[in-house]
Amino acid sequence: MKRFQNEFYFTIGAFLAIVVLSGCNTTYEMEVDAITNPAVNDAESYVIVPRDPEADVNDLRYKETVAYIKTALSGKGMYEALNAQDADMVVEVDYGMEPPRREFKVVEEPVFATIQQPDRIQTVSQRDPKTGRVITYTVRVPGARSRELIGYQERLVSVIVNEKYMELTAKENLFEQSGDIPAQEIWSVRVKNYDENDDLREYLPIMAASVADYVGEDTGTNHSVRLKEKDEVVQFIKRGINKKPEADAFPSEG
């Protein structure tokens with residue numbers, strides 16, 4: 001009984017280890033579009049505001065997102081100004097998830113076949129227990145069967161796609177200026193993800209990590225980025241939020 005229990009716990013432990021490792025190895029595919037204004041390159045301090053002026057800045061999800069973004073910007077040498085009037089720029093934040101939509105994609109599926117090996121003839125010698133004579137005869141031995149991969153086939157499948165996004169736009173801080181002159185845009189980064197996962201919170205640090213690499217850059221066109229949970233930039237973003245006291249107040253729901 002004890003041996004059975006040990007084998008059972010070993011099996012469960014191995015299964016959980018595989019699950020944990022596979023989760024850590026998840027690859028997140030992002031689409032990044034970044035632009036920058038080369039005429040402005042000395043803006044370092046900022047204040048963060050929601051793009052939607054009616055957004056609730058006390059919402060825990062918003063606070064969590066802003067904390068990730070602050071960590072991302074710190075990796076670029078930028079820092080939050082103590083007072084709004086002293087900031088070099090105002091960073092507008094927008095994030096969320098579009099309504100789910102149905103799409104069709106082609107997937108490759110493996111095709112297996114049962115392979116029957118040919119029969120073989122085997123010579124068998126057997127001694128007669130009564131006469132002591134050795135009798136030799138032949139028998140037919142069936143060939144072994146095996147299941148082998150013989151190729152792949154394409155199949156059209158329907159999937160539900162959830163588009164998750166995060167956009168940061170930095171503009172001149174016109175706090176102390178008057179008039180109708182619009183604020184000049186300094187840089188902008190937009191990150192998108194398209195997949196079946198509808199857990200926006202899971203993707204917030206991943207999208208912030210994508211932002212961290214492209215603030216102040218110009219991609220020209222959409223640029224594909226692949227990140228994993230264990231990547232250094234992702235861990236940097238998560239360590240930053242864990243240092244903040246308010247991080248303990250964030251809810252655990254998706």
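In the displayed structure, Glu109 atom CD is contacted under 6.0 Å by more than 12 heavy atoms of other residues, nucleotides or ligands. Atom CD1 of Ile150 is surrounded by more than 12 heavy atoms from other residues, nucleotides or ligands within 6.0 Å.
Side-chain polar atoms of Asp231 and Tyr28 form no donor-acceptor pair below 3.5 angstrom. No side-chain donor from either of Gln153 and Arg155 sits under 3.5 Å from a side-chain acceptor of the other.
When Arg226, Lys192, Lys228 are each tested for a salt bridge (charged side-chain N to carboxylate O under 4.0 Å, His left out) with Glu29, only one passes: Arg226. The salt bridge (charged side-chain N to carboxylate O under 4.0 Å, His left out) test with Glu196 singles out one residue from Lys105, Arg102, Arg101, and that residue is Lys105.
Ile69 is listed as a side-chain neighbour of Met166, based on a closest heavy-atom distance under 4.5 Å. By the 4.5 Å heavy-atom criterion applied to side chains, Tyr165 and Met97 are not counted as neighbours. Residues Thr36 and Glu217 form no side-chain contact, since every pair of their non-hydrogen atoms from C-beta on lies 4.5 Å or further apart. At least one side-chain heavy atom of Leu168 sits less than 4.5 Å from a side-chain heavy atom of Trp187. Asp119 places a side-chain heavy atom less than 4.5 Å from the side chain of Pro142. Here the side chains of Val91 and Met78 are not in contact, with every heavy-atom distance at 4.5 Å or above. Contact of the Ile48 side chain with the Glu80 side chain is not registered, since no non-hydrogen atoms from C-beta on lie closer than 4.5 Å.
No salt bridge links Lys164 with Glu202; every basic N to acidic carboxylate O contact stays at or beyond 4.0 Å.
The distance from atom CD of Glu167 to atom CZ of Arg190, rounded to the nearest 0.5 Å, is 4.5 Å. In this structure, Thr26 OG1 and Leu227 CG are separated by 12.5 Å, a value rounded to the nearest 0.5 Å.
Tyr46 and Val57 fall within the same hydrophobic cluster, where Ile, Leu, Val, Met, Phe, Trp and Tyr residues are linked whenever their side-chain heavy atoms come under 4.5 Å apart, directly or through other members. A continuous path of ILVMFWY side-chain contacts below 4.5 Å connects Tyr194 to Val159, so both sit in one hydrophobic cluster. Tyr79 and Leu82 fall into different hydrophobic clusters, defined by Ile, Leu, Val, Met, Phe, Trp and Tyr side-chain heavy atoms under 4.5 Å apart, directly or through other members. Val189 and Val90 are not part of a single hydrophobic cluster, where members link through side-chain heavy atoms under 4.5 Å apart. Grouping the Ile, Leu, Val, Met, Phe, Trp and Tyr side chains by contacts below 4.5 angstrom, directly or via other members, places Ile35 apart from Ile186.
A pairwise comparison of heavy atoms in Val234 and Glu229 identifies CG1-O, 3.6 Å as the closest pair. Across every non-hydrogen atom of Asn173 and Ala84, the tightest pair is ND2-O, 2.7 Å. Of all the heavy atoms in Tyr62 and Val49, the pair that sits closest is OH-C, 3.7 Å. The two atoms that bring Ser74 and Phe236 nearest to each other are OG-CZ, 3.7 Å, heavy atoms only. Here the closest heavy-atom approach between residue Leu200 and residue Gly96 is recorded as CD1-O, 3.7 Å. Nearest heavy-atom pair, Lys76 versus Asp213, reported as atom, atom and distance to 0.1 Å: NZ-O, 3.8 Å.
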Glu185 vs Lys171, salt bridge (charged side-chain N to carboxylate O under 4.0 Å, His left out): CA-CA, chis, key distance, verdict: CA-CA 4 Å; Glu185 186 172 304; Lys171 298 180 179 180; 5.6 Å; no

Tyr203 vs Asp195, side-chain hydrogen bond (donor to acceptor under 3.5 Å, both in side chains): CA-CA, chis, key distance, verdict: CA-CA 11 Å; Tyr203 283 68; Asp195 62 22; 2.5 Å; yes

Verdict with reasoning, Asp52 to Asp94, per side-chain contact (heavy atoms from CB on, under 4.5 Å): CA-CA 8 Å; Asp52 181 0; Asp94 188 22; over 6 Å; no

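With Glu44 contributing its side chain and Gly77 its backbone, the two residues share no donor-acceptor pair below 3.5 Å. For the pair Ser45 (side chain) and Asp88 (backbone), a donor-acceptor distance under 3.5 Å is present. Checked by atom type and distance alone, the side chain of Glu172 pairs as donor or acceptor with a backbone atom of Gln184 at under 3.5 Å. For Thr219 (side chain) and Ala34 (main-chain N/O), a donor-acceptor pair under 3.5 Å exists by modelled atom type.
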